[in-house]
Student: 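I'd like to ask some things about the structure below.
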Amino acid sequence: MSQHILTAVAWPYANGPRHIGHVSGFGVPSDVFSRYQRMAGNKVLMVSGTDEHGTPIQVQADKEGVTARELADRYNRVIAEDLTGLGLSYDLFTRTTTKNHYAVTQEIFKGLYDNGYIFPKTTMGAISPSTGRTLPDRYIEGTCPICGYDGARGDQCDNCGNQLDPIQLINPKSRINGETPTFVETEHFMLDLPAFTEVLGSYLQSKQGEWRPNVLKFALNLLGDLQPRAISRDLDWGVPIPLDGWRDQPNKRLYVWFDAVIGYLSASIEWARRSGDPDAWREWWQNPDARGYYFMGKDNIVFHAEIWPAMLFGYSGRGDRAGTAGSLGALEVPSEVVSSEFLTMEGKKFSSSRQVVIYVRDFLARYDADALRYYIAVAGPENQDTDFTWQEFVNRNNGELVAAWGNLVNRSISMAAKNFGAVPEPGDLTDADRALLERSRKAFAPVGEELSRSRFKNAINEAFDVVREANKYLAEQEPWKLKEDPERQKSILHVALQVVDDAKTMLTPFLPSSSNKVFSMLGGEGVWSGMPEIREVDEDGGTPYPVITGEYDGAARWEHRPIKPGTPLAPPVPLFKKLDPKVVDEELARLGE
Ligand SMILES: [Zn+2]
């Protein structure tokens, strides 16, 4: 039965280009999952976009002497191009600075507010004594009360990562003119998380045995100590607060995390409108049979397993104090939160400032997207923190992609093309032939089962076992020595080509570009697995912006397809680039090792 599957992918923050650590946590896993689900016949809606509000964007823009909007425009485009280059099949990858996103965010705020889940709180805010005006958080600097770092900002310490209020800073100073701010009473809004303790408790308990244990354990632990959470800041870059007396205040905005999680919904609504059926999003958000899968790094579990479900429950009138659903109607909460651990680089944390980094763009300029996708699937941080090393990347590329899979494709197709010009007709099959064919055909179910549960490492290893078995079979059967026995040679090559076709199908979610090539090499016509593209769109004739989208319903199905004898074959081109071992030293030199 065909199911509606929402793939909700974490929103990359648009204050700079993204590195391979970022895309290993959310990008590639969510795409592997979505491609598999489409092949299995489900209706997938995969959405995300760039997260463009908040202090770090403003700080970076101030540093570069541009506006926040200009900075966001630049990195929105860079990130969209990088994710397209990786072949990530978003139905819509948009951004948080659209009018649509502002409207949806304000609607969710109002719904929560009307149901009593948002309340005002008086806190101490900074003003500039010389001008009497509000001093936004990012313009206040001082010593962190937690770690002692002396460059902490009014909203966050970049050294220890803790969120702060300006009044907590020791020796606070204005970054504009060095004066000491004065603190006056000011109002902010809080999300009443304790009012969701019961509903979140039963929600999380119902996920036992279904979610990755680390995610569930983390989320359940947080339940015991839910605190109200600030959802507005003294900030001039963000979504205005949609209440009279607040809307027009230039220095009060919704906190960036609050609008960013709403992006999953606003992007779905934008996708529906662009698809020509403005209500189409409801099939994924209001259908109890639909499933919503959220992909992110582990630092974001709290937002996806706790806060976003609380917001959805509250908006839908299903929090501990009940209420009524807002004008969008009741909304479904995440079915599963699929969180990855962290990737480090050559034993160190990724760091743009310390140059321990490789950006997606630079990676794709030198290596194939499928080579990175393969590495992330087989050796990425699925269940534990893992280390990316150039040595392992080169070893896996050359040993597994080139020598095992690429070589199987290449020698089977080139031998059949050279000797017969087409897929050969098999004669009588031996036990060895039948055993390999059956091994390959039977792999679809377990590999698919692992993919449907986001166990990518198991899935790709099982698919690669078939590749290894096929190489062993060719080594044993030695078809190249059977010039005198063309009938037997035909049978062996037929078997090998059938297994290449099966393996190509099973590897498609991981390696879409090279699988498309194998599909064509075996005589396939049309699109096998669709690839994403960038389109320029606008809102009501406003400034154009790039989105990622695509047509993904190609021929690819999660099933064994018998190959047809007589299908013409051309000599193949190599599937993957073999890497010179010198690459390792060159890359380490770039890292300053
Ligand atoms: Zn600190």
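Residue numbers start at 1 and run along the sequence shown. As the structure lists them, so they are numbered: ligands from 1, and atoms in each ligand from 1.
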Student: Can R138 be said to sit on top of W237's aromatic six-ring, NZ or CZ under 6.0 Å from centre and within 45° of the ring axis?
Tutor: no
Student: Is any side-chain N of the basic residue among R95 and D73 closer than 4.0 Å to the acidic one's carboxylate O?
Tutor: yes
Student: Going by the rule ring-ring contact (aromatic ring centres under 6.0 Å, His included), which residues pair with F218 if we only count those two or more places apart in sequence or in a different chain?
Tutor: none
Student: Who pairs with A330 by side chain to side chain contact (heavy atoms under 4.5 Å, CB included), at least two apart in sequence or on another chain?
Tutor: S316, A325
Student: Among residues at least two apart in sequence or on other chains, which ones pass side chain to side chain contact (heavy atoms under 4.5 Å, CB included) with T122?
Tutor: E185, E187
Student: If we count only N and O atoms by modelled type, under 3.5 Å, do the side chains of Q227 and D225 hold a donor and an acceptor together?
Tutor: yes
Student: What protein N/O/S atoms lie closer than 2.8 Å to the Zn ion (ligand 1)?
Tutor: C144 SG, C147 SG, C157 SG, C160 SG
